[in-house]
Amino acid sequence: MRKELAKNYAPREFEDRIYKNWCDKNYFAPDPDKKKPAFSIVIPPPNVTGQLHMGHALDETLQDILVRTKRMQGYSALWVPGTDHAGIATQIKVEENLRVNEGLTRYDLGREKFLERVWDWKNQYGTRIINQLKKLGASCDWNRERFTMDEGCSKAVREVFVNLYNKGLIYRGYRIINWCPRCLTALSDAEVEYAEQPGSFWHVRYPIDGTDEYLTVATTRPETMLGDTAVAVHPEDERYAHLVGKTLTLPLVGRKIPIIADEYVERDFGTGCVKITPAHDPNDFEVGKRHNLEIIKVMNDDATINSEYGGKYAGMDRYEARKVMVADLEAGGFLVKVEPCAHNVGTCYRCKTTVEPMTSDQWFVKMEPLAKPALEVVKSGEIKFEPERFTKTYTNWMENCHDWCISRQLWWGHRIPAFYCDECGEMTVSKEDISVCPKCGAPVRQEEDVLDTWFSSALWPFSTMGWPEKTEDLARYYPTSVLVTGYDIIFFWVARMIFSGMEHMGEKPFSTVFIHGLVRDAQGRKMSKSLGNGIDPLKVIDEYGADALRFALATGNAPGNDMRFSDEKIEAARNFANKLWNASRFVLMNLTEEDEELLKAPKDSELTIEDKWILARLNELTKSVNANIDNYELGIALGDIYSFTWDLFCDWYIEMAKSRIFDTGSPAALTAKRVLVKVLTDILKLLHPYMPFITEEIYQALPHTDESIVISAFPKYDEKLSYKTEEEDVDRIIGCIVAIRARRSEMNVPPSKKAKLFVVTKYEETFKTTAKILEKLASASEVIVTDSYDSDDAVAIATDAGTVYIPLAEVIDFEKERARLTAEAKKNDSEIERIEKKLANEGFVSKAPAAVIEGERAKLAKYLETRESLKAALAKLG
RNA sequence: GGAAGGUUAGCUCAGUUGGGAGAGCAUCUGCCUUACAAGCAGAGGGUCAUAGGUUCGAGCCCUAUACUUUCCACCA
């Protein structure tokens, strides 16, 4: 007896079991067969900060679809999994945890002890994330799992750092950077998010030395005036030309500062005079460099005013100081006016604290030489963005990016391999740890700072494959085939991987960047913790199954677009799984023969027209699915599978096959079953990349040849299987059934009320061979194919294939029927008129392709036929 | 300020080289038709944002406008 599927689709019953089996059998390891072409993806490593969210679920689903497809298509497919240490984000989490549970700060523990805690956290959450990936069905090669701070990745980081340093592409310098006063670290430009905030524009006058005059400057940040070292005007501004070179006395401070001329000033904005604070504004810093101005830093790391230059404001928070200083300016008669003004404020992307631009000693990567090849490789098309429009996002950024500040004043991360000798002042950058100065032999101390977390992620495509060693994996799987990620991290990650790959490997890290959008909630809002509108993928999996979640994420959405996630979407997905489950159950419960018998391909001569029809349609589906997946149109491919499965296979083919199947033991029954097994199996295979669990569960229950569907061959288009004529025949029959059903429905004739059907058609053969099907599906008692039918008490239904008469005098409302026929005739006439007009159009006939014209002619002929049968039907009604 | 999207059925969205507009959900009608009510059979519902243009032909290509989303830059 064949194994039966459970009556109800209950994914919880089999998903975990199946996944475990896949892992036990090691199916996800790439096939070592050298003859197979390579296909590889490295996972965008999820942060070890917490758990998987919907964005991950989407990202991993898309990757898994690609990898599973390629694996089945005969590639040696590798998907490298792993996690990211996520420096600042993880450190914040652990610190928060420490604060809440133990009331301690990281300083209370000290660097070493604190790092132990972070590793504990990493072990706990890293494992959890991996388990979540498995729940989702991700077919990663777990033997190759990596972590951005594992030994190999750390080695790669050091190698890269030292190489870049030796080439002069990494340098240490005193520059203006973005500083987060809460995280107490520098941030890169990419890590600053701008948000519009209401503020004020304070107009303050600075007295000009030696006169009674003032210069009025306008500022949104009066507290920084403690660090002003000049006031600038435009060199061609006639109002102020005579003042350039004079000095001012800085109010509240009393310091003498020069009036300078610089083109950076916009004459028409504000008063045309700008206070220059090189230590606390990036533009002012540049102006200061040009004019050799002193840099006066007035804040501490926590954004309180420092004691060195703060005077009475020392120790105050920057905002408190602002308030007090404005009051003092007003009291001193320096404040001219205050205007409300909305302005963009930079905030820390991790904690949302307002970032303070300030000067600081930091490490930087020099971008210009690195950006060049990274731009070239994209412009030349060697790396393609999918969809293409994201190319511009990338190139714009790459063309305009500044040097990358890579040092972070954190503890969690790759410690910068620079060693300072306090004895002789030498700094040594080294791949290996050193304890003494190579120059003077005195003990050295290592740089306290760690690297930006994205520094190590940038190396991910090759560090995970063993670089800097020359490994087999690198030789075979680098460059990777495709990178799948959201548009939100093109700058953070994609760009940096590209220039890193070009610089260190001399080769692009991937050929295609497949970009997807954000998963939003049902109202279209971004999912976020503060809104509490996040949907937990694990809960969805628990309730609906991983397959339904994956389906919902892969369907009804164009590449690169954001998508909404809603109950109705996941329910529709689950319903589809249920449909497939039940159809499979039906097929299985009728398979009484031996597997070998059922797996035999039926001979062409045994196939009925509906068999050929479904096989031909399956063949078309196979073609389109292969093509669409190749084009990254994953949603279209899935939509095609969906409608084939539901609308053609379930609604039509299975119904059509029933009469043969139920004829137990007959050769016709066996043929039908063979076709059912073949078509269902191919559906399962085509669907497997999207819904791996249910397809495996059913595949195992069906007669099958491969040990697992995971390693079975993906269906291929087969030219031999396009049965053109039979397809048309079945379409005619279906059109006929649909028309009959519609008419019966309109007339409220239930299926239980059987009636004779008389069919007048030129496709006699077709109707005779499918009479049984027609009978069953059109709820007829008998189907009579005839040359002509002549009865007044019948409903005539004009179809593409001919006219069907239902003698149902007792249920016909003649009046209604006449009205309906008249309306239909009118509609039909207007179609005729439209096409005739089109065909009479000289331009159309001479310029349109022949096939299009031919199509129009065929349509016209059909409509003309219909007109005749409608006329006849009306005539009969009197 | 720059850039890229979006505007298609009541809702959410597809629509791959231009050749008579689709799905899911919702609504309405009729069905427990022996795989499936998480279902079956039907029905209604759209001047494809607006205005021009190219074309024999435009949801699709071009121009402009309106509204909208996002990203980047930023004048202190």
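Numbered from 1 within each chain, the chains take letters A, B, ... in sequence-line order.
Minimum atom distance to the side chain of A:Asn578 is reached by B:A38, of the listed B:A38, B:C72, B:A76. Here the side chain of A:Glu568 is nearest to one of B:G5, B:A76, B:C11, namely B:C11. Of the candidate nucleotides B:A73, B:A76, B:U12, B:U12 has the atom lying nearest to any side-chain atom of A:Arg564. Side-chain proximity of A:Ala572 to the nucleotides B:A14, B:G24, B:A41 is greatest for B:G24. Listed nucleotides: B:G42, B:A76, B:C71. Nearest to the side chain of A:Thr220: B:A76. Relative to the side chain of A:Ser745, the nucleotides B:G42, B:G5, B:C40 differ in distance, and B:G42 lies closest. Among the nucleotides B:A35, B:G19, B:G5, the one closest to the side chain of A:Pro849 is B:G19.
Contact between the side-chain N/O atoms of A:Lys658 and the OP1/OP2 oxygens of B:U33 is not found at any separation under 4.0 Å. Here A:Lys526 does not reach the OP1 or OP2 of B:U70: none of its side-chain N or O atoms lies under 4.0 Å away. Between A:Asn557 and B:U12 there is no side-chain polar atom (N or O) within less than 4.0 angstrom of OP1 or OP2. Phosphate contact (OP1/OP2 of B:A4, side-chain N/O of A:Lys392, threshold under 4.0 Å): present. Note on A:Asn575: a side-chain N or O is less than 4.0 Å away from OP1 or OP2 of B:G39. A:Trp397 has no side-chain polar atom (N or O) that falls below the 4.0 Å cut-off from OP1 or OP2 of B:G2.
In this structure, A:Glu831 reaches the bases: a heavy-atom distance under 4.0 Å links it to at least one base atom across the strands shown. Among the heavy atoms of the strands lying under 4.0 Å from A:Lys859 is at least one base atom, whether or not backbone atoms are also near.
Using modelled atom types and a 3.5 Å distance limit, the side chains of A:Tyr487 and A:Asp562 yield a donor-acceptor pair.
With a 6.0 Å cutoff to the six-membered ring centre and a 45° limit on the axis angle, A:Lys579 does not count as a cation-pi contact of A:Phe649.
Of the residues listed (A:Thr229, A:Leu226, A:Thr277, A:Thr224), the one engaging A:Ile296 in a side-chain contact (heavy atoms from CB on, under 4.5 Å) is A:Thr229, and it is the only one.
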